[in-house]
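Only heavy atoms go into these numbers, but all of them, side chains included; no hydrogens, no water, no symmetry mates.
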Amino acid sequence: IVRPTVFFKSVSGQLEVIQSGAPFVMFGDGEVTRCNPISEADLATYLIDSIADKSRENEIINLGGPDEPLTMKKQGEMLYKAIGKEPN
């Protein structure tokens, strides 16, 4: 079982939401949870490689991208910076 933390595609969907003027939604202070976005291509490669890798059979694998995990607060700050606005 492969469980990706989050897709970059879903992150781009959040960008569209805040570009439209809606707030970035997070729970609490935004520091409680962390995620490590992975691209669709990297996830697909991992899944294909898993077919031949017997060490991954019957395992639960939490899979993320190559960078350090992001808090939701940090992710929101990055999204607002990308569109040149201050978080609301």
Open item on the list: Could you check whether Thr71 and Arg34, counting side-chain N and O atoms only, form a donor-acceptor pair closer than 3.5 Å?
Closed with: no

Open item on the list: Looking at Glu59, I'd like to know if its CD atom is crowded, meaning that more than 12 non-hydrogen atoms belonging to other residues, nucleotides or ligands lie closer than 6.0 Å.
Closed with: yes

- [ ] Find out if a path of hydrophobic residues (ILVMFWY) with successive side-chain heavy-atom gaps under 4.5 Å connects Val25 to Leu79.
- [x] no

- [ ] Under the side-chain contact (heavy atoms from CB on, under 4.5 Å) rule, what do Val32 and Phe27 come out as? Steps first, then yes or no, please.
- [x] CA-CA 8 Å; Val32 176; Phe27 297 100; over 6 Å; no

Task: Atom pair CD (Gln14) and CE (Met26), whose distance is rounded to the nearest 0.5 Å - done: 11.5 Å

TODO: Mind listing the closest non-hydrogen atom pair of Gln19 and Lys85 along with its distance?
DONE: O-NZ, 4.3 Å

Open item on the list: Distance check, rounded to the nearest 0.5 Å: Tyr46 atom OH versus Asp53 atom CG?
Closed with: 7.0 Å

Task: Rounded distance [0.5 Å steps], CZ in Arg56 versus CG in Leu47 - done: 9.0 Å

Task: Spatial distance of atom OG1 (Thr33) from atom CD (Gln75) [nearest 0.5 Å] - done: 9.0 Å

- [ ] Verify the cluster assignment for Leu70 and Ile38: are they in a single hydrophobic cluster under the rule of side-chain heavy atoms below 4.5 Å apart?
- [x] no

Task: Heavy-atom pair with the smallest gap, counting every atom of Pro23 and Val17 - done: O-CG1, 4.2 Å

Task: Between OG on residue Ser50 and CG on residue Leu43, distance to nearest 0.5 Å - done: 9.0 Å

Open item on the list: Test of understanding: clusters of I, L, V, M, F, W, Y form through side-chain heavy atoms closer than 4.5 Å, transitively. Do Met78 and Phe24 belong to the same one?
Closed with: no

Task: Contact summary for Pro66 and Asn36, nearest pair of heavy atoms - done: N-OD1, 4.4 Å

- [ ] Report the distance from atom NZ of Lys81 to atom CD1 of Ile83, rounding to the nearest 0.5 Å.
- [x] 13.5 Å

